[in-house]
Amino acid sequence: MAEFTMNKGANGVAVITWDLPGKSMNVLTLQGAQELEACVDDALSDDAVKGIVITSGKDSFAGGMDLNVLGGMKEAGAQGVFDGTMSLHTMLRKIERAGMDPKTNKGGKPIAAAVTGTAMGIGLELPLSTHRIFVANNPKAKLGLPEIQVGIFPGAGGTTRLVRMLGVMNASPFLLQAKMSSPEQAVKAGIAHEVSDDPVAAASEWVLSATDADILKPWDAKGYKVPGGAPYHPAGFQTFVGANAMIMANTWGAFPAPKAMLSAVYEGLQVPFDTALKIEARWFTSVIMNPSSSAMIRSLFLNKEALEKGAVRPEGVPDQRVKKVGVMGAGMMGAGIALVSAQAGIEVVLIDQKQEAADKGKAYSEAYLDKGIARKKGTPEKKAEVLGRITATTDYNALSDADLIIEAVFEDPGVKAEVTKNVEAVVPEDCIFASNTSTLPITDLAKASSRPEQFIGIHFFSPVERMLLVEIIKGAQTGDRAVAKALDYVRQIRKTPIVVNDARFFYANRCIIPYINEGIRMVGEGIEPSLIDNAARLLGFPVGPLQLVDETSIDLGVKIAKATKAAMGDAYPAEAEATDKVALALFEEGRLGRKSNAGFYDYDDKGKRTGFWPGLAQKYPVKDEQPDVTEVKHRLMMAQVLEAVRALEEGVLMDIREGDVGAILGWGFAPWTGGPLSWLDMIGAAKAVEVCDDLTERFGPRFTTPDMLRDMAAKGDSFYGRFGANTKAA
Ligand code: NAD
């Protein structure tokens with residue numbers, strides 16, 4: 001069945017409709033691109049056609065490129081990617097030139113895009129190549145170029161066209177930050193032209209009346225100057241200095257795509273348009289051939305989506321969507337959980353020990369929604385609707401028809417056990433009970449339950465409304481229905497789930513704690529603190545370990561270390577003492593991190609970091625001889641990556657996709673790598689073993705190479721090679 005069809009009207013307008021069979025949203029396939037080109041060729045050569053409208057048969061326009069096309073091009077190597085990209089450029093350029101005489105720029109046929117709804121990636125780059133963009137009056141539609149978020153950049157002319165349309169400065173939020181716009185915002189920003197209730201009719205009318213001048217792109221006309229100035233113009237020059245600095249400040253050079261895109265823009269603006277497209281294609285090819293882009297697309301697009309769609313949901317369990325959730329404890333976490341649940345349309349009973357505490361928890365939602373209204377992201381009606389779903393009370397009887405309970409009371413097994421018993425006395429028999437504990441084993445907590453197969457961990461990250469990951473923990477007796485319930489709930493609140501088996505610190509905290517500890521430990525060794533945090537930034541982490549521990553609070557770290565030591569007894573690793581000593585010293589000084597405006601960093605009275613605490617250097621003098629940054633990077637990286645491998649080895653992680661997606665969304669693991677297991681595949685198991693063996697010898701057994709990794713190195717295996725094929729598709 002055709003993906004593009006053309007209908008030539010008696011009025012002289014040929015309407016080309018994109019309607020990919022069997023999909024709710026269009027994506028551009030190889031076949032689609034050929035069909036589109038054939039339609040355009042036909043319409044341009046048919047004298048009866050006066051103008052062309054390109055639209056979609058769906059209520060959205062298009063979601064982007066079919067990623068299989070990129071995969072296919074990549075298989076043919078760099079030349080294959082370049083040639084494939086150039087053939088797209090040729091087709092889109094044909095639309096843009098529309099049969100015009102190359103010398104006189106006259107005689108072309110007007111071509112307009114009638115964008116029926118959301119248009120992303122190539123779904124927007126195609127309209128950008130037409131002469132006028134009409135967008136349906138649908139405030140929910142989103143227009144934008146999200147490529148940078150998955151490690152590539154708009155490579156079908158979007159980069160080259162947008163900077164020539166808007167200037168480098170105005171194009172940068174769309175290109176570098178993947179800014180999405182509603183139709184109205186798109187028109188205001190100049191990436192679309194008109195909002196219309198009937199975009200096909202409006203576009204048809206326009207193509208019939210457009211003149212030669214209307215369809216000539218500014219960059220094809222004589223005397224074109226890029227808005228804001230080209231690179232060698234005084235103003236343009238400054239823009240590039242700023243843009244370079246901004247990219248470095250945001251990426252620390254760790255992400256290949258933004259740098260490549262800026263190079264394409266900088267070089268492209270100094271040559272004619274067609275040459276600029278070739279330059280764009282070259283830089284695009286370099287990014288596609290970089291392993292980072294494949295890993296990012298795999299984790300942040302394909303696998304993230306697969307997990308959200310229920311790739312690991314137990315089979316055969318009927319729909320478990322939540323109607324009413326009871327949230328126990330209206331503190332920091334409970335308040336956030338109530339908010340995101342109510343926003344998803346779920347009825348919420350928010351319970352605390354005192355009515356004031358429950359009300360305070362609900363007030364958190366109110367304040368959040370008020371902020372949204374002030375930022376024009378919400379309305380008073382929406383606020384009333386969401387707040388109307390939250391009942392703040394101390395009365396357990398309000399839970400009598402709840403189908404899910406999420407407990408977020410104090411991190412104390414005794415308190416949690418009592419709450420579990422009291423709740424089970426009032427809720428329906430089939431109600432699922434979840435704990436949001438961050439450290440207590442689910443299997444132990446389930447002992448307080450009379451229905452342990454209905455007991456599960458649903459571990460949110462803080463702040464709940466911002467963090468995208470939810471870790472679901474299966475206790476030893478947790479049944480499939482509880483897992484399905486947790487997954488269906490996470491889908492309702494539009495977050496990404498991973499499902500792991502029960503073990504100390506589950507998955508995310510298990511990996512992040514050694515990262516923080518390694519950083520703290522290095523301070524004790526006399527390594528320059530700025531070298532530690534900067535090495536982490538250079539690896540692509542959003543925050544270094546010392547900044548991170550200040551954010552999460554040093555007393556929490558000390559508390560966790562003490563509890564772990566008590567729980568592990570003699571098994572507590574001796575090498576952990578070196579870290580504990582430094583953390584304890586800060587704790588005893590009352591330097592608890594950001595919350596006390598004093599930690600590894602100093603802060604001003606507005607809470608802004610002003611630099612490392614000078615007292616740190618007195619307590620832990622900086623050694624004259626500092627390690628090479630690569631060594632610091634290796635220590636920080638391996639500290640967490642090895643935990644991911646051990647979690648897989650021990651069966652805590654059941655699916656490598658979850659290990660990678662969970663790491664990026666849960667603790668900001670350097671996104672350019674695609675996750676810890678993808679990163680190991682990138683450097684190769686043999687190299688990883690070499691690094692670990694060296695670190696073990698010099699720094700201790702915490703870097704001991706896991707058997708699985710050593711075995712992979714011996715057999716020339718990789719994680720995705722060994723486990724990737726077994727993962728179930730969504
Ligand atoms: P919090 O101290 O802010 O809130 C706990 C709330 O529970 C308080 O309002 C308290 O009054 C209430 N409470 C205590 N006993 C109760 C009872 N018997 N019945 C009803 N309410 C009761 O703590 P928090 O930071 O929100 O953490 C709550 C849970 O979430 C803990 O298990 C914690 O480990 C976990 N968690 C915390 C974070 C985090 O970053 N803070 C992250 C993930 C998980």
Side-chain angles (χ1 to χ4, degrees), residues 325-341 348-365 391-399 402 405-427 433-442 444-446 448 455-473 490 495 498 500 504-510 512-513 516 548-557 559-560 562-564 567 592-595 662 665-668:
V325 63
V327 179
M328 309 305 297
M332 186 165 106
M333 297 304 285
I337 297 167
L339 168 63
V340 298
S341 304
V348 180
V349 177
L350 180 58
I351 292 195
D352 209 299
Q353 289 161 304
K354 297 232 164 68
Q355 187 62 41
E356 299 99 272
D359 289 341
K360 192 171 160 220
K362 181 170 174 176
Y364 182 80
S365 288
T391 307
T393 179
T394 56
D395 181 8
Y396 275 48
N397 290 318
L399 302 173
I405 300 293
I406 302 177
E407 164 281 295
V409 299
F410 297 139
E411 188 74 338
D412 177 317
V415 177
K416 288 192 189 290
E418 195 190 319
V419 168
T420 307
K421 287 204 162 64
N422 292 342
V423 166
E424 285 188 356
V426 290
V427 294
F433 190 103
S435 174
N436 178 47
T437 177
S438 31
T439 57
L440 304 169
I442 294 301
D444 290 351
L445 292 180
F455 197 102
I456 194 162
I458 299 185
H459 181 213
F460 283 87
F461 296 82
S462 170
V464 176
E465 59 281 8
R466 274 228 314 271
M467 297 299 285
L468 300 173
L469 187 77
V470 177
E471 195 173 18
I472 294 169
I473 302 113
V490 172
K495 294 198 184 281
I498 61 169
V500 300
R504 181 174 299 283
F505 302 135
F506 319 128
Y507 174 60
N509 285 341
R510 171 187 185 140
I512 191 82
I513 292 171
I516 290 176
L548 187 58
V549 69
D550 266 11
E551 299 293 338
T552 52
S553 95
I554 288 166
D555 49 330
L556 179 69
K559 211 165 123 192
I560 291 176
K562 279 188 180 158
T564 311
L592 307 183
R594 174 180 288 287
K595 69 178 183 192
L665 302 187
W667 77 92

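Read the numbers this way: they start at 1 and go in the same order the structure lists the ligands and their atoms.
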Flag the pair L445 / T420 as yes when at least one side-chain heavy-atom distance between them is below 4.5 Å, and no otherwise. no
For N436, what residues pass the side chain to side chain donor-acceptor pair (under 3.5 Å) criterion, not counting sequence neighbours? none
Contacts under 3.5 angstrom, residues 460-468 side chains, donor-acceptor by atom type, not counting sequence neighbours:
unit_1, atom_1, unit_2, atom_2, d
E465, OE2, Y364, OH, 2.4

Considering only heavy atoms from C-beta outward, does the side chain of I351 approach that of V419 to under 4.5 Å? no
Min side-chain heavy-atom separation N509-S438 under 4.5 Å: yes
Qualifying salt bridge (charged side-chain N to carboxylate O under 4.0 Å, His left out) pairs, either residue in residues 348-359, two or more places apart: none
Under a 4.0 Å heavy-atom cut-off, what residues line ligand 1? G329, A330, G331, M332, M333, D352, Q353, Y396, A408, V409, F410, E411, V415, K416, V419, N436, T437, S438, H459, F460, S462
